[in-house]
Amino acid sequence: MLDFLPENISSFGGEIDGVITYIWRIILAWLVATEAVLVYLLVRYRRREGRRAAWLPATTWRAKAWILVPAVFVTICDIGIEARSAPVWDEVKLELPEPDLLIRVTGRQFVWTFTYAGPDGELDTADDFEAITDLYVPRDRVVRFQLESADVLHSFWVPVLRLKQDAVPGRSIPGWFEATADGRYEIACAELCGASHTAMRGRLTVQPPEIFDAWSSTMAEQQSL
Ligand SMILES: [Cu+2]
């Protein structure tokens, strides 16, 4: 139904798309219903000889029902969306799975920097290494990230991962993803962050784990020299 969405290579992307589809169906039903009522009223109460327009205060319950009944329906839809999306929120945002790889993602005007924890699996130790603009990750592995900003608000957006998270100065925001298909994909900044905001792009490269491991060892060696 939502063929216009970008490719999905995220382990939790199907869940996110499910919520989007659910909301989209509600919106579609509302659009059709309200337009149908609008067209009906336009025709039914069109200009006619001997009929004058008048302003009527909503003093009767019959008149107030035009506000109250839709308000009840909107509230029911809201509760439905909440019920549909709460488990997805828990899975994506609250239940951080055990990571296979830990990185720090830093946004700064106007570049993304990726700091890898290195062989010891801990950030801010001697074996950390950095990649700029290009994020390399192994396929089918859980990547945990700490998202930070070195200056202003940015937003780390990887459409194919169904991942978008603001980077807030002074905060380190944890998150995770698991990419399920090899390839090269777009990373963007989704928060207007200055004059070159639109140039603040990166690339995500998803590789088979053995190729990633080889790349990772080489980077760790090179940067420890
Ligand atoms: Cu930015």
Side-chain angles (χ1 to χ4, degrees), residues 6 9-13 15-16 88-180 183-207 209 212-213 215-225:
I9 62 148
S10 167
S11 61
F12 54 66
E15 302 289 316
I16 304 266
V88 182
W89 177 268
D90 288 354
E91 183 193 339
V92 176
K93 291 287 190 183
L94 301 183
E95 297 158 7
L96 301 175
E98 271 308 304
D100 297 304
L101 179 69
L102 175 64
I103 55 173
R104 175 183 294 125
V105 177
T106 308
R108 63 167 57 81
Q109 291 171 314
F110 296 94
V111 68
W112 294 106
T113 304
F114 308 103
T115 309
Y116 290 74
D120 70 351
E122 278 184 51
L123 284 164
D124 302 313
T125 51
D127 66 347
D128 292 3
F129 62 90
E130 260 187 12
I132 294 174
T133 301
D134 274 286
L135 171 59
Y136 289 86
V137 298
R139 177 186 11 98
D140 299 324
R141 295 285 185 273
V142 174
V143 180
R144 170 89 56 91
F145 61 81
Q146 299 281 352
L147 181 60
E148 298 176 11
S149 167
D151 39 42
V152 300
L153 286 174
H154 299 279
S155 183
F156 183 58
W157 185 24
V158 192
V160 292
L161 291 177
R162 301 299 188 268
L163 173 66
K164 186 192 275 175
Q165 171 65 56
D166 276 10
V168 182
R171 286 185 61 189
S172 183
I173 298 170
W176 71 282
F177 63 84
E178 183 181 328
T180 56
R184 283 161 76 78
Y185 309 96
E186 181 187 19
I187 296 172
C189 178
E191 179 70 57
L192 189 56
C193 60
S196 296
H197 159 68
T198 52
M200 190 166 166
R201 305 177 96 174
R203 273 178 306 266
L204 167 70
T205 302
V206 182
Q207 300 174 313
F212 172 81
D213 288 343
W215 172 84
S216 174
S217 316
T218 311
M219 288 293 279
E221 260 170 50
Q222 276 178 0
Q223 296 197 12
S224 67
L225 294 177

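Atom set for the values below is all heavy atoms of this structure, side chains included, hydrogens, waters and symmetry mates excluded.
- Distance alone, capped at 3.5 Å, is enough to place a donor-acceptor pair between the His197 side chain and the Glu191 backbone.
- Residue Arg201 comes nearest to Thr133 through the heavy atom pair O-CG2, 3.6 Å, listed as atom of the first residue, atom of the second, then distance.
- A side-chain N or O of Thr125 and one of Asp128 form a donor-acceptor pair less than 3.5 Å apart.
- At least one donor-acceptor pair under 3.5 Å links the side chain of Asp151 to the backbone N or O of Gln109.
- From Glu98, atom CD reaches atom CH2 of Trp176 across 12.5 Å, with rounding to the nearest 0.5 Å.
- Between Glu91 and Phe12, the shortest heavy-atom distance links the atoms OE2-CB, 3.8 Å.
- Closest heavy-atom contact between Asp134 and Arg203: OD2-NH2, 2.8 Å.
- Here Thr113 contributes atom OG1 and Leu135 contributes atom CG; the two are 11.5 Å apart, rounded to the nearest 0.5 Å.
- For the 3.5 Å distance criterion, the side chains of Thr106 and Glu148 fail to qualify, holding no donor opposite an acceptor.
- One N or O on the side chain of Arg144 and one on the backbone of Pro97 form a donor-acceptor pair closer than 3.5 Å.
- Side-chain N or O atoms of Thr180 include one that pairs as donor or acceptor with a backbone N or O of Ile9 at under 3.5 Å.
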Trace of the side-chain contact (heavy atoms from CB on, under 4.5 Å) decision for Phe129 with Ser216: CA-CA 9 Å; Phe129 62 90; Ser216 174; 3.6 Å; yes
side-chain contact (heavy atoms from CB on, under 4.5 Å) assessment of Val92 paired with Glu15: CA-CA 9 Å; Val92 176; Glu15 302 289 316; 5.8 Å; no
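- Closest non-hydrogen pair, Ala167 versus Pro169, comes out as O-CD, 4.0 Å.
- Taking the six-membered ring for Trp and thresholds of 30 and 60 degrees, Phe177 and Phe145 have ring planes inclined between 30 and 60 degrees apart.
- With values rounded to the nearest 0.5 angstrom, Trp157 atom CH2 is found 10.0 Å from Arg162 atom CZ.
- Separating the CZ atom in Arg141 from the CG atom in Asp100 is a distance of 6.0 Å, to the nearest 0.5 Å.
- Between the side chain of Asp120 and the backbone N or O of Glu122 there is at least one donor-acceptor pair closer than 3.5 Å.
- Taking CD1 of Ile132 as the reference point, atom CZ of Phe114 lies at 10.0 Å (rounded to 0.5 Å).
- Using a 30° and 60° split on the angle between ring planes, Phe212 and Tyr116 fall in the tilted class, from 30° to 60°.
- Counting all heavy atoms, side chain and backbone alike, Leu102 lies closest to Gly121 at CD2-O, 3.7 Å.
- Taken to the nearest 0.5 Å, the CD atom of Glu186 stands 12.0 Å off from the CG atom of Leu161.
- Inter-residue side-chain proximity for Leu101 and Pro138 is flagged as met; some heavy-atom pair is nearer than 4.5 Å.
- What you find for His154 and Ser149 is that their closest heavy atoms are CD2-OG, 3.6 Å.
- Partner of Ile173 under the side-chain contact (heavy atoms from CB on, under 4.5 Å) criterion, chosen from Val105, Asp166, Val168: Val168.
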